[in-house]
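Atom set for the values below is all heavy atoms of this structure, side chains included, hydrogens, waters and symmetry mates excluded.
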Amino acid sequence: MADASIFHRLKQDHDSHRQLFAKMADAQGKPDRLEKLFEQFKVEVKAHAAAEEETLYATMLARPDLREDAQHSVSEHKEIEDYLEEMEEQSFDGPEWRETFAQMKKRYLHHIEEEEEEMFPDAAKDLSAQEEEQLGARFAERKPAELERAQAEE
C-alpha cells in the first residue's frame, strides 16, 4: 500500500508546487502560459495551506512540544498569502510583479524545506503511525473542498 501518512501527502504537494515553479520558469516570455500556471499555483497553495492547517497544524497546536513549530508555519502561510495578495494589485508579469514573485518563491521554497527537514521529523517523533495515517486521511478529505473554495475565490 502506498504511504498515506500526512507527511507523505504534504511532501507530494510540495513536489507538485516545485514542479509548477519549474514550469513557470520555462514559461517566461509566454504570458498566457505563465498566467495559467500561476493561477494553478495560487489555487493549489491556498488549498494545501488550509487543509494542512486544519489537520496537521491543528493537532500540533494542541501539543505543547509542537505548538511553536505550528505557529511559525502558520505565520509563514500568512506571509505567502500576503505576497499573493500583493501580486493581485500589480501588473501581471511586469517588473514589480516579477520581483514580488521572486520574493514569494524564495520564501515559499524556504518554508517547505523547513517543514520537510525540521518540522515534519519533529512532529513525527510525537505522533504515532496511526495518528499520521489518520491525519493523512483527513487531509485527503479536506483538500478537495479547499481546492473548490480556492477556485471559487479566483
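What you find for A4 and E133 is that their closest heavy atoms are CB-OE1, 3.6 Å. T59 and L135 make their closest contact through OG1-CD2, 3.3 Å (heavy atoms, listed as atom of the first residue, atom of the second, distance). Minimum interatomic distance between F139 and T55 (heavy atoms only, all atoms of both residues): N-CG2, 3.6 Å. The two residues A70 and M60 come nearest to each other via the heavy atoms CB-CB, 3.7 Å. Annotation for E146 and A50: closest pair OE1-CB, 3.4 Å, computed over non-hydrogen atoms. Nearest heavy-atom pair across E131 and S128 is OE1-N, 2.7 Å.
Here the rule is salt bridge (Lys or Arg N to Asp or Glu O under 4.0 Å) with R18, and of E44, E113, E116 only E116 fits it.
Side-chain contact annotation: E76 with H72, donor-acceptor N/O pair under 3.5 Å present.
Salt bridge annotation for D13-K143: present, with a cationic side-chain nitrogen under 4.0 angstrom from a carboxylate oxygen. Contact check on D32 versus K36 returns no salt bridge, with no Lys/Arg side-chain nitrogen under 4.0 Å from an Asp/Glu carboxylate oxygen. In summary, D26 and K23 do not engage in a salt bridge, as defined by a charged side-chain N under 4.0 Å from a carboxylate O.
Summarising the local packing, CD of E39 is surrounded by more than 12 heavy atoms from other residues, nucleotides or ligands at distances under 6.0 Å. Atom CD of Q130 has 12 or fewer heavy atoms from other residues, nucleotides or ligands within 6.0 Å. The number of heavy atoms from other shown groups lying within 6.0 Å of CD (Q28) is above 12. Atom CD of E79 is surrounded by more than 12 heavy atoms from other residues, nucleotides or ligands within 6.0 Å.
Taking CD from E99 and CD from Q90, the interatomic distance works out to 9.5 Å, rounded to the nearest 0.5 Å. Here NZ of K78 is found 5.5 Å from CD of E85. Values are rounded to the nearest 0.5 Å. Interatomic distance, CZ of R67 versus CG of D69, reported as 12.0 Å (0.5 Å rounding). A distance of 12.5 Å separates NZ of K42 from CD of Q40, quoted to the nearest 0.5 Å.
Here L20 is tied into one hydrophobic group with F21, M24, L34, L37, F38, F41, V45, I80, Y83, L84, M87, F92, W97, F101, M104, Y108, L109, I112, each link being a pair of ILVMFWY side chains closer than 4.5 Å.
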(message) What verdict does the side chain to side chain donor-acceptor pair (under 3.5 Å) test give for E52 and H77, after you've listed the backbone C-alpha separation in whole Å, the side-chain angles of each residue and the deciding distance to 0.1 Å?
(response) CA-CA 10 Å; E52 184 176 41; H77 283 183; 3.0 Å; yes
(request) Take D93 and E35 through the side chain to side chain contact (heavy atoms under 4.5 Å, CB included) test and state the conclusion after the steps. (result) CA-CA 8 Å; D93 204 25; E35 188 168 17; over 6 Å; no
(message) As a quick check of understanding, evaluate side chain to side chain contact (heavy atoms under 4.5 Å, CB included) for V43 and E154, giving each step before the final call.
(response) CA-CA 8 Å; V43 166; E154 292 308 310; 3.7 Å; yes
(request) Apply side chain to side chain contact (heavy atoms under 4.5 Å, CB included) to the pair E153 and R149, showing each step before the final yes or no. (result) CA-CA 6 Å; E153 290 176 1; R149 184 186 329 208; 4.0 Å; yes
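Counting only distance, with no hydrogens or angles, the side chain of R9 and the backbone of G136 share a donor-acceptor pair below 3.5 Å. One N or O on the side chain of R63 and one on the backbone of D126 form a donor-acceptor pair closer than 3.5 Å. In this structure a side-chain-to-backbone donor-acceptor pair under 3.5 Å is missing from S16 to Q12.
E96 places none of its side-chain heavy atoms less than 4.5 Å from the side chain of S91.
Between H14 and F120, the ring-plane angle classifies as parallel under the 30° and 60° cut-offs.
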